[in-house]
A.B. asks: 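I am attaching a structure below and will ask some questions about it afterwards.
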Amino acid sequence: TNSDTETIVHLYEEEGVNGIAKLRGMFAFAVWDARKGALLLARDRFGKKPLYYADLPQGIYFGSELKCLRAAGVPLELDREALRLYFRMAYIPDPWSPFRAIRKLPAATWRIHHRDGRVEQGRYWKLPEPAEQAEPGLTEEGVCGRIREIFDESVRLRMIADVPLGAFLSGGIDSTSVAASMARQTREPVKTFSIGFEEAEFSELAPARMVANRYGTEHREILVRPDSVDLIPKLVRHFDEPFGDSSAIPTYLVSRFAAEHVKVALTGDGGDELFGGYESFLRAQRMKVLDRVPQAARSALRWISRRLPYAAYGKNFLWMIGSPTGLERYFEQNYTPRFVLEQLLSPDLLMPVDTVFLERVLGDYLPAETADVVTKAMYFETTANLTGDMMVKVDRMSMAKSLEVSCPLLDHELAELAARIPHAWKIGTGHGRRGKEIFVRAMGDRLPAELLALPKKGFSVPLAGWFRGPLREMLRDHLMSRSFLGRGVAAPGFVERLLQEHLSGRRDNYYLLWRLLMFELWFVQWEQRRPAPVHESKAVT
């Protein structure tokens, strides 16, 4: 046939499960081997494509959406342990799902179900541990050359399409690099799409326009206003599970906008994770100095923090710097702090946050115990967070509009090279460092100087202001409703306090309020389809 999918069948015929490692790009597939009586499930290296399964006594159920398994009648008893992870991280990491009977096949993993009931599972690829020091013979100049070479090849491979093709352009380093590489490899103007807001500090239209002008792209823009958030219930239906990343809103809107003109879009996702672009990595590096502080002194800081009133300024900072290990400090600083969850959630939804628990539960997403905190942070963000948050957001929001989105930076050959690059070449060593320094150097004059002078912006929405303005009543109606407060999930008094603090402008609590709102909207949708008692799971203890 003329189907590219047919190559997977022939690859399996010739090499079986060993052939999966020869695939490059994104996929999730099932192959039924009638001769062997075996079903093979497989998922790509970064989990760009979803794959859920339920292994029940009556057989194996699988699908790319939870809706499929719900339609098949798979039991939908809630998994409290998964919900604990959601409130801590704003998403449910693999292999958990919100339901006890359903799991996600981890990224870079295959699973075989035999007719006789035997089950095999294995991993065909593992991201190398990020290097702390340069290996012998590795030079910055040589690395820059290889980055350009592999990156351009990755972009070229993902431009092979028989349908209209474009790119998301934020004006940031990663999306600019993708658009620049595309422009260098095609004679036709690249179709680019950008999204902006009336609030200037969140809008990316000006830098995106600058890049579009430089590379002569066929550029289109869309301005988002608060009334666009009427889409929220629709987004919840597409995710199928609690999902607390508010950048899903602009991702959906830019996908909908692009889908009017193209069928495939390239994005810059993955650059921050692979090349050390997050501010959290810089903070983790700076905070390593706290490891020299005696443990007794750090414990004293935690003791003081716990006894300060919740509203006291500095309470969160004292709690964080009092962490006994660098890993705990990283999670307390970049994910919801334990003392906040203690105030917010019912006791049975709290989870431990100590290093032993983190390494046991999230062990597949952490390197060796002896690795330093920056190595652990980079590895975690490039595995658990990238797969469970970023890729879920991009896949669900783009596929909601039948748009195929591809991420050239998340090519496994480029990822393997990035892992060999020492931290100092990525996040730098001086006071003016901004992260991704080796990638910026590799892209060279492809990046306009004016762009590099701009402060880094995340792909986010002005949710704090919207919650104080147009979305004020919507938020209050849901979070102060009798149904939500009666679920036994959150403490009513503390939820009201979060609302009052935020609405008064005293403190920005939008990220917690959004997380609660997304949970409530998801719960209502789940409840309408399958009311069921909540049961404890043995998956996490």
A.B. asks: Is P75 close to L56 at the side-chain level, that is, under 4.5 Å between some pair of heavy atoms?
C.D. replies: yes
A.B. asks: Test your reading of the model: is there a side-chain donor-acceptor pair from R118 to the backbone of H114, 3.5 Å cut-off?
C.D. replies: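 No, R118 side chain to H114 backbone: no donor-acceptor pair under 3.5 Å.
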A.B. asks: Go through it in stages, so that I can follow the logic: the residues are F62 and Y53, the test is ring-ring contact (aromatic ring centres under 6.0 Å, His included), and I'd like the CA-CA distance, side-chain angles, deciding distance and then a yes or no.
C.D. replies: CA-CA 4 Å; F62 62 92; Y53 70 91; 9.5 Å; no
A.B. asks: Is the number of heavy atoms from other residues, nucleotides or ligands under 6.0 Å of E369 CD greater than 12?
C.D. replies: no
A.B. asks: State whether a side-chain donor-acceptor pair under 3.5 Å links T336 with R515.
C.D. replies: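 There is such a pair between these side chains.
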A.B. asks: Is there side-chain contact between W514 and D245, with heavy atoms separated by less than 4.5 Å?
C.D. replies: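 The answer is no; the side chains never approach within 4.5 Å.
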A.B. asks: Counting only heavy atoms not in K22 (residues, nucleotides, ligands), do more than 12 fall under 6.0 Å from its NZ?
C.D. replies: no
A.B. asks: Would you say the side-chain atoms of E273 and Y278 include a donor-acceptor pair closer than 3.5 Å?
C.D. replies: yes
A.B. asks: Counting C-beta onward and ignoring hydrogens, is there a side-chain heavy-atom pair between S406 and M159 closer than 4.5 Å?
C.D. replies: no
A.B. asks: Nearest 0.5 Å please: distance from the CG atom of L414 over to the CD atom of E149.
C.D. replies: 11.0 Å
A.B. asks: Shortest non-hydrogen contact from L11 to I20?
C.D. replies: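 L11 and I20 have their closest heavy atoms at CD2-N, 4.5 Å.
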A.B. asks: Give the minimum heavy-atom separation between S170 and P207, together with the two atoms involved.
C.D. replies: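 That closest heavy-atom pairing would be O-CG, 4.3 Å.
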A.B. asks: Between the side chains of S398 and S255, is a donor N or O closer than 3.5 angstrom to an acceptor N or O?
C.D. replies: no
A.B. asks: Strictly below 4.0 Å, N to O, side chains only: are D79 and R103 in salt-bridge contact?
C.D. replies: yes
A.B. asks: Could you tell me if T375 and E132 have a donor-acceptor pair between their side chains, going purely by distance under 3.5 Å?
C.D. replies: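 E132 vs T375: donor-acceptor pair found between side chains.
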A.B. asks: Could you give the distance from CG (L169) to NE2 (H219), rounded to the nearest 0.5 Å?
C.D. replies: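 L169 CG to H219 NE2: 5.5 Å, rounded to 0.5 Å.
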A.B. asks: For S64 and K49, which I'm curious about, is there any donor-acceptor pair between the side chains at under 3.5 Å?
C.D. replies: no
A.B. asks: So that I can tick it off, tell me whether D240 and R396 are bridged by a salt bridge, with the cut-off set at under 4.0 angstrom between side-chain N and carboxylate O.
C.D. replies: no
A.B. asks: Closer than 3.5 angstrom, by distance alone: can the side chain of T387 be matched with the main-chain N or O of A384 as a donor-acceptor pair?
C.D. replies: no
A.B. asks: Rounded to the nearest 0.5 Å, what's the gap from CG on L410 to CZ on F46? Could you check?
C.D. replies: 5.0 Å
A.B. asks: Do F151 and M443 have side-chain heavy atoms sitting under 4.5 Å apart?
C.D. replies: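 F151 reaches M443 side chain to side chain.
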A.B. asks: Using atom types as modelled and distance alone, determine if a side-chain donor or acceptor of T382 lies under 3.5 Å from a backbone N or O of M378.
C.D. replies: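 Side chain of T382 to backbone of M378, a donor-acceptor pair under 3.5 Å: yes, one is there.
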A.B. asks: For E81 and Y86, which I'm curious about, is there any donor-acceptor pair between the side chains at under 3.5 Å?
C.D. replies: no
A.B. asks: For I195 versus P250, what's the shortest heavy-atom pair and its separation?
C.D. replies: CD1-O, 3.6 Å
A.B. asks: Taking A258's backbone N and O only, do any of them form a donor-acceptor pair with K401's side chain (distance below 3.5 Å, no angle check)?
C.D. replies: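 Not at all, since once roles are kept as given, no pair shorter than 3.5 Å links the two residues.
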A.B. asks: Would E437 and K426 pass as an ion pair if we require N to O under 4.0 Å?
C.D. replies: no
A.B. asks: Under a plain distance cut-off of 3.5 Å, with no hydrogens placed, do E120 and H113 share a side-chain donor-acceptor pair?
C.D. replies: no
A.B. asks: Please check if the side chain of T109 supplies one atom and the backbone of A107 the other of a donor-acceptor pair under 3.5 Å.
C.D. replies: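 Confirmed, T109 side chain pairs with A107 backbone.
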A.B. asks: Which pair of non-hydrogen atoms, one from L69 and one from G63, has the smallest distance, and what is that distance?
C.D. replies: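 It is CD2-N, 4.1 Å.
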A.B. asks: Side chains of E6 and H10: is there a donor and an acceptor less than 3.5 Å apart?
C.D. replies: yes
A.B. asks: We want to know whether S181 and D152 form a side-chain donor-acceptor pair, criterion being a heavy-atom distance below 3.5 angstrom.
C.D. replies: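 Per modelled atom types, S181 and D152 side chains form a pair under 3.5 Å.
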A.B. asks: Supply the atom-to-atom distance L266 CG to T192 OG1, rounded to the nearest 0.5 angstrom.
C.D. replies: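 Here the rounded value is 12.5 Å.
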A.B. asks: If the threshold is 4.0 Å, N to carboxylate O, is there a salt bridge linking R45 and E416?
C.D. replies: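 So R45 does not pair with E416 through a salt bridge.
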A.B. asks: Looking at F519 versus F87, is the centre-to-centre ring distance below 6.0 Å?
C.D. replies: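 Between F519 and F87, the centre distance is under 6.0 Å.
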A.B. asks: Is there a donor-acceptor pair closer than 3.5 Å between any side-chain N or O of S97 and the backbone N or O of I102?
C.D. replies: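 Yes; at least one donor-acceptor contact below 3.5 Å.
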A.B. asks: For residues T176 and P448, report the shortest heavy-atom separation together with the two atoms involved.
C.D. replies: CG2-CD, 4.3 Å
A.B. asks: Do the side chains of F243 and D389 get nearer than 4.5 Å, heavy atoms only?
C.D. replies: yes
A.B. asks: Do the rings of F99 and W522 sit parallel, tilted or perpendicular, given the 30° and 60° boundaries?
C.D. replies: tilted
A.B. asks: Ignoring hydrogens and angles, tell me if any N or O in the side chain of D33 forms a donor-acceptor pair with the backbone of G37 under 3.5 Å.
C.D. replies: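 The answer is no, because no donor-acceptor pair under 3.5 Å joins these two groups.
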A.B. asks: Quick one: do the E241 and W96 side chains pair a donor with an acceptor below 3.5 Å?
C.D. replies: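 There is no such pair between these side chains.
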A.B. asks: Give the C-alpha distance, both sets of side-chain angles, the deciding distance and a yes or no for salt bridge (Lys or Arg N to Asp or Glu O under 4.0 Å) between D94 and R43.
C.D. replies: CA-CA 12 Å; D94 296 2; R43 194 175 178 202; 2.7 Å; yes
A.B. asks: Strictly by modelled atom types, are E381 and Y330 linked by a side-chain donor-acceptor pair under 3.5 Å?
C.D. replies: yes
A.B. asks: Test of understanding: with salt bridge (charged side-chain N to carboxylate O under 4.0 Å, His left out), list the residues that count as partners of R24, not counting sequence neighbours.
C.D. replies: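 If we apply the salt bridge (charged side-chain N to carboxylate O under 4.0 Å, His left out) test to R24, skipping adjacent residues, the hits are E153, D411, E413.
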A.B. asks: Who are the side chain to side chain contact (heavy atoms under 4.5 Å, CB included) partners of V440, not counting sequence neighbours?
C.D. replies: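 Result, side chain to side chain contact (heavy atoms under 4.5 Å, CB included) vs V440: I173, L447, L452.
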A.B. asks: Would a 4.5 Å heavy-atom cut-off, applied to side chains only, mark R111 and D55 as touching?
C.D. replies: yes
A.B. asks: Show, in sequence, the C-alpha distance, side-chain angles and deciding distance for K263 and E404, and conclude whether the salt bridge (Lys or Arg N to Asp or Glu O under 4.0 Å) test is met.
C.D. replies: CA-CA 6 Å; K263 293 296 183 183; E404 181 181 316; over 6 Å; no
A.B. asks: Kindly say whether E77 contributes a backbone atom to a donor-acceptor pair with the side chain of R100 at under 3.5 angstrom?
C.D. replies: no
A.B. asks: Decide yes or no for Q525 and V236: does some side-chain heavy atom of the first lie under 4.5 Å from some side-chain heavy atom of the second?
C.D. replies: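 Yes, side chains in contact.
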A.B. asks: Testing the 3.5 Å rule here: is there a donor-acceptor pair between the side chains of R156 and Q185?
C.D. replies: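 Per modelled atom types, R156 and Q185 side chains form no pair under 3.5 Å.
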A.B. asks: In a check of side-chain contact (heavy atoms from CB on, under 4.5 Å) between V17 and each of Y12, Y124, W110, which one passes?
C.D. replies: W110
A.B. asks: Which heavy-atom pair separates A54 from V74 by the least distance, and what is that distance?
C.D. replies: CB-CG1, 3.8 Å
A.B. asks: Less than 4.5 Å apart, side chain to side chain, heavy atoms only: is that true for L105 and Q121?
C.D. replies: yes
A.B. asks: Count the heavy atoms of every other residue, nucleotide or ligand shown that sit under 6.0 Å from NZ of K36, and state whether that count exceeds 12.
C.D. replies: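 For K36, atom NZ is not crowded (no more than 12 foreign heavy atoms under 6.0 Å).
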A.B. asks: Is atom CD of E135 surrounded by more than 12 heavy atoms (other residues, nucleotides or ligands) closer than 6.0 Å?
C.D. replies: yes
